[in-house]
Amino acid sequence: MTRALKSRRQLTAAAGCALLLLALVIPLAGRADEPYARSRDYDLQDIHTHLWFDLEQRQVRGEVTESVAALRDNISELKFDSVGLTIDGVAVDGRVAKFSLTPADLVVTLERPAVRGERHEILIRYHGQPKKGLYFVLPDKNYPQQPREIWTQGEAEDTRYYIPVYDYPNDRTTSEMVVTVPAAWITVSNGRLIGVKNEPDGMKTWDWKQSETLSTYLISMVAGEFVERDDSWHGIPLRYVVPRGEETTIEPTFERTKQMLDLFTSKLGIAYPWAQYAQTSVDDFVATGMENTSATTLTTHSLVNPTLALEDHDGADEVTSHELAHQWFGDLVTCKDWANLWLNEGFADYFQRVWNELRFGDDDADFEYWRDQNEWLRQPRLYPMPIVSREFDDSTEYQDNIYDKAGWVLRMLHEKLGDEEFFRALHHYLELNHGQNVVTADLQKAIEQATSINVDKFFDQWIYGAGAPKFDVSYAHDPGAREVKLSVQQTQKVEGRVGLFDVPVDVEIATANRRETHSIEVNQASQTFTFPADGPPLMVIFDKGDRILKAVNFKRDPAALIYQLKNAETTPDRSEAAVALGNLKSDPNAVAALGDAAQHDTFWGVRVEALEGLGRIGGPDAERQILAVIRDPTPWVRDVAVRELGNFQEDASLPSKLSDIASNDAAYRVRTAALGALARIQAPNAFDTLAAAVKSVSPDDTLREASLRAFGRLGDTRAVPILVEWSAVGKPMGSRQAAIGAIAELDKSNKAITRMLISFLGEPYFDVRIAAIFALAARGDPDAIAPLEELLRNGALTVAIGPYVELALRLLKAQPAPK
Ligand SMILES: [Zn+2]
């Protein structure tokens, strides 16, 4: 699956709302309860499912035939995971069979105990209104234009909510999905479309067959009023499917799919494994993307508007490359249990960067790793937990370990093995384990078989062990000895799963005459390294290029940082200098150097870091430097420059400049940033400018949503009627979300607003309910506690909103009692 990483960055940039950040960090799907794989009684060998739908009742009716073989003697009953489904009848080998139900299982009794290897065919007829697993998105009186959509989301353990089935990853089965839907609909499922036939009553039946095995959480069914564009790659059908009305987004969103397929197949040397590759975007999706075998599902939030495509750095590539990589890592080879989920997610994250590197080059990929590292370090709860861990009752809690950190660890493994050996090892791992379920030891063994390099210590340190090294670094120059002595301490607390680290580190030392890079091995709590230096160092870089996941405390004087910002070769090293300089207060040389980098660095990310540093420093000099960049040709740099101007409240001339940008910049994202900055500086003209922008027409309602969000920041209660208007049912969902988030911040004693937000909890629309939950948490009115508790209790949650509600309640209850 993919979390909303890209959107998280964009939205926090735009909204700066901590609660929204939390909302995006915690995904809805993916809760897993069983840390150990089960022992199995039977092998599920084939599953043939036929589904019918009652849209009025939001009901599914199904007939599933499951071919099973007993895995040991004396099996007298067969258990299928099944939650909330009504079982209408069960037959074993064509004869009516006895069954019973528990809250979590359908138990089918065999006529006589089976012996090992004995096969049976179980037919189950059932119906129900799934609470999870299968979702209906339908038009209603408020949103008559909403296309009809039905889609599924199996991971982690939700397939059982719409099919009684063995629902844990450690089994694989072939699968056939047959669906009967209105004739005008399109359906997508796993594998090959083997037929579509007309039914008498204006319906059609689609038949999809997945001939290679999958784990049942990867079964997918999408049906509805979609449009499809077809393509092919080396004879494999590619399907791009979006809701009716979104046709223009297909090309900018999916146009690089074939290049990604080329890249991944050539790196891995393993053919794309499936009969098709479909990418389907659905509304109200509960994750950003899901790698169902041969049939990825994506949220419509990641569709790229063609007008906005040019102002976005990577469009939907993060999620599309991630899900494509999963077709090998996750689908062809699948984790055996959730404790080893990093074997799916770490590789998917890693290959996102492989794609990023091909498309944009090393500078970009290295910079993204550097940002991932910073993001991971900002979450201290992740530090003591290893990547492979069974200590979870909610698999989402430590997920940045299995995504960001695991991707980082694979990058270090790549570095350790070298390019050729690394990809040889991955090829061998996939070849050896294809069509199987794996644990981490399978990867270790495959690496060793392919390369003869023992990686046990590496895995102990990075995969089974927790944390990352934390270094204190300092140096002294000895002119007499013509040496630099570098002292390195590992300061992490060695406890629990965190040990001392043994890592290779490159140290670069620049003097007036030469630059040299030295490779050292850091493996003790405290070490000193001596390097030749023909003069005083102008710059010392510890871990050149940021090749080791780590935290560093390395005090350098401003001159060395300025030199590094200007002269370091790699983007992480220049970015790191920009951050350090931006943390210095009132140093005019730092301001000038950051201004220079903001204008002239060749890499966009360093310009961004320099701008953010200037924003942190503040004051008229820093502002002047930022103003010099507001014509940067790169929209995502200009965006940051304008956003950072929101830190400068003193300058009376700024409001008119920002208003000008808000109306005239060529990029909508920059205009959006200007609207936010006007609110932040509390500009006298902000209210009128924002109110006008609410009425404007822009792609994806970009300007309207930005203005509505900015009203929250501005804090002017004149905005309340506007926000009430745009919060109302019937308005576009994006506008409602923005308005709901903003109104939470205004007129906090106004109980009518709290009541309005509470009323939104009862709506059927997922996005609005989430927005209302977080708005209520942000508002802090204890009146919201009872309705939220009721929401948690009453079970009317059509999707797993529970974790959000729990978080909101924790926040509300943690607040001081109102006076
Ligand atoms: Zn994923």
Side-chain angles (χ1 to χ4, degrees), residues 49 51-55 58 60 133-140 143-154 162 177-199 202-210 219-232 236-255 257 274-306 316 319-320 323-324 700 732-733 765-767:
T49 311
L51 300 178
W52 296 263
F53 307 101
D54 179 337
L55 300 186
R58 295 175 179 255
V60 61
L134 183 140
Y135 302 80
F136 292 84
V137 181
L138 300 173
D140 59 18
Y143 297 95
Q145 299 305 320
Q146 170 64 49
R148 288 168 180 78
E149 301 172 24
I150 304 172
W151 46 261
T152 64
Q153 167 60 35
Y162 75 98
M177 176 66 74
V178 183
V179 277
T180 301
V181 295
W185 286 23
I186 278 175
T187 77
V188 181
S189 186
N190 314 92
R192 191 185 308 277
L193 179 62
I194 58 172
V196 183
K197 75 168 196 263
N198 291 315
E199 301 285 352
M203 306 291 275
K204 274 185 184 171
T205 294
W206 298 59
D207 192 343
W208 294 85
K209 191 171 171 63
Q210 166 74 29
I219 292 175
S220 173
M221 195 295 304
V222 180
E225 294 170 322
F226 291 95
V227 289
E228 174 174 330
R229 190 160 307 160
D230 294 341
D231 201 345
S232 82
I236 293 168
L238 303 180
R239 297 188 160 85
Y240 310 122
V241 185
V242 297
R244 167 170 56 66
E246 299 283 358
E247 293 81 345
T248 59
T249 63
I250 290 176
E251 194 179 330
T253 307
F254 300 116
E255 63 187 336
T257 300
W274 317 117
Q276 67 156 352
Y277 189 49
Q279 293 170 93
T280 307
S281 295
V282 304
D283 286 308
D284 286 5
F285 194 45
V286 290
T288 301
M290 178 63 210
E291 67 275 17
N292 301 307
T293 305
S294 81
T296 283
T297 310
L298 302 161
T299 167
T300 46
H301 292 312
S302 61
L303 290 174
V304 178
N305 183 304
V319 58
T320 54
E323 307 310 341
L324 179 61
D700 288 355
M733 291 298 175
Y765 319 111
F766 171 74
D767 287 348

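FYI, the numbering just counts along the sequence from 1. All figures in this text were calculated on a predicted structure; none of them were measured in a lab.
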**Q** Determine whether F136 and R148 make a side-chain contact, defined as any pair of heavy atoms from C-beta on separated by less than 4.5 Å.
**A**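 In short, these two side chains do not touch, never coming nearer than 4.5 Å.
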**Q** For the pair E228 (side chain) and T187 (backbone), establish whether a donor and an acceptor sit closer than 3.5 Å, ignoring hydrogens and angles.
**A** no
**Q** Side-chain contact test, heavy atoms from C-beta onward, threshold under 4.5 Å: evaluate it for V222 versus V241 and give yes or no.
**A** no
**Q** Does a side-chain heavy-atom distance below 4.5 Å link L55 with I150?
**A**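 Yes, at least one pair of side-chain atoms sits under 4.5 Å.
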**Q** Say whether, by atom type as modelled, one donor and one acceptor occur between the side chain of E323 and the main chain of T296 under 3.5 angstrom.
**A**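 Flag not set: sc E323 to bb T296 has no pair under 3.5 Å.
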**Q** Are any non-hydrogen side-chain atoms of V242 and L303 less than 4.5 angstrom apart?
**A** yes
**Q** Determine the minimum heavy-atom distance between D283 and P147, stating which atoms define it.
**A**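 Here D283 and P147 meet closest at OD2-CD, 4.4 Å.
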**Q** For D284 and W151, work out which heavy atoms get closest and say how close.
**A**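 That closest heavy-atom pairing would be O-CZ2, 3.2 Å.
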**Q** Backbone N or O of F254 within a donor-acceptor pair of the T257 side chain at under 3.5 Å?
**A**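 At least one qualifying donor-acceptor pair exists.
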**Q** How far does NZ of K209 sit from OG of S189, to the nearest 0.5 angstrom?
**A**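 The NZ atom of K209 sits 12.0 Å away from the OG atom of S189.
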**Q** Does H301 reach the side chain of D767, with side-chain heavy atoms less than 4.5 Å apart?
**A** yes
**Q** Hey, mind stepping through Y277 and D231 against side-chain hydrogen bond (donor to acceptor under 3.5 Å, both in side chains) and telling me if it holds?
**A** CA-CA 10 Å; Y277 189 49; D231 201 345; over 6 Å; no
**Q** Say whether T297 and T280, considering side chains only, have a donor N or O and an acceptor N or O under 3.5 Å apart.
**A**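 No pair is found: no donor N or O on one side chain lies under 3.5 Å from an acceptor on the other.
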**Q** Side chain of E149, backbone of V137: donor and acceptor closer than 3.5 Å?
**A**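 No: the side chain of E149 does not pair with the backbone of V137.
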**Q** Show your reasoning for whether side chain to side chain contact (heavy atoms under 4.5 Å, CB included) applies to T205 and V179.
**A** CA-CA 5 Å; T205 294; V179 277; over 6 Å; no
**Q** Work out which heavy atom in P252 is nearest to a heavy atom in P306; give both atom names and the distance.
**A** CG-CA, 3.9 Å
**Q** Let me see the working for T180 and L51 under side chain to side chain contact (heavy atoms under 4.5 Å, CB included), right down to the final yes or no.
**A** CA-CA 7 Å; T180 301; L51 300 178; over 6 Å; no
**Q** Any donor and acceptor pair, going by atom type alone, linking the side chain of N190 with main-chain N or O of S220 inside 3.5 Å?
**A** yes
**Q** If you look at every heavy atom in P139 and P144, which pair is closest and at what distance?
**A** CB-O, 3.6 Å
**Q** Looking at M177, is its backbone amide N or carbonyl O close enough to the side chain of T49 to form a donor-acceptor pair, meaning the two atoms are under 3.5 Å apart?
**A** no
**Q** Calculate, to the nearest 0.5 Å, the distance between atoms CD1 and OG1 belonging to I219 and T293 respectively.
**A** 9.0 Å
**Q** Are the side chains of F53 and L134 in touch, meaning some heavy atoms are under 4.5 Å apart?
**A**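 Touching, per the 4.5 Å side-chain cut-off.
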**Q** Is a side-chain donor-acceptor pair under 3.5 Å present for R239 with Q279?
**A**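 No, R239 and Q279 have no side-chain donor paired with an acceptor closer than 3.5 Å.
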**Q** A quick test of your reading: do over 12 heavy atoms of other residues, nucleotides or ligands sit less than 6.0 Å from CZ of R244?
**A**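 More than 12 heavy atoms, drawn from other residues, nucleotides or ligands, come within 6.0 Å of this atom.
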**Q** Between T300 and S281 (side chain of the first, backbone of the second, donor and acceptor by atom type, cut-off under 3.5 Å), is there such a pair?
**A**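 Not confirmed, T300 side chain does not pair with S281 backbone.
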**Q** Would D207 and V196 count as a side chain to side chain contact (heavy atoms under 4.5 Å, CB included) if you check the C-alpha gap in whole Å, the side-chain angles of each, and the deciding distance to 0.1 Å?
**A** CA-CA 6 Å; D207 192 343; V196 183; over 6 Å; no
**Q** State, to 0.1 Å, how close Q276 and G191 come at their nearest heavy-atom pair, and which atoms those are.
**A** CG-O, 3.0 Å
**Q** Give a yes or no on whether the ring-centroid distance for Y135 and F766 is below 6.0 angstrom.
**A** no
**Q** For the residue pair P243 and V227, what are the closest heavy atoms and their distance?
**A**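 Here P243 and V227 meet closest at O-CG2, 4.2 Å.
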**Q** If you apply the rule ring pair (Phe, Tyr, Trp, His ring centres under 6.0 Å), what do you find for F226 with W185, and how did you get there?
**A** CA-CA 7 Å; F226 291 95; W185 286 23; 8.4 Å; no
**Q** Check step by step if side chain to side chain contact (heavy atoms under 4.5 Å, CB included) holds for R192 and W208.
**A** CA-CA 5 Å; R192 191 185 308 277; W208 294 85; over 6 Å; no
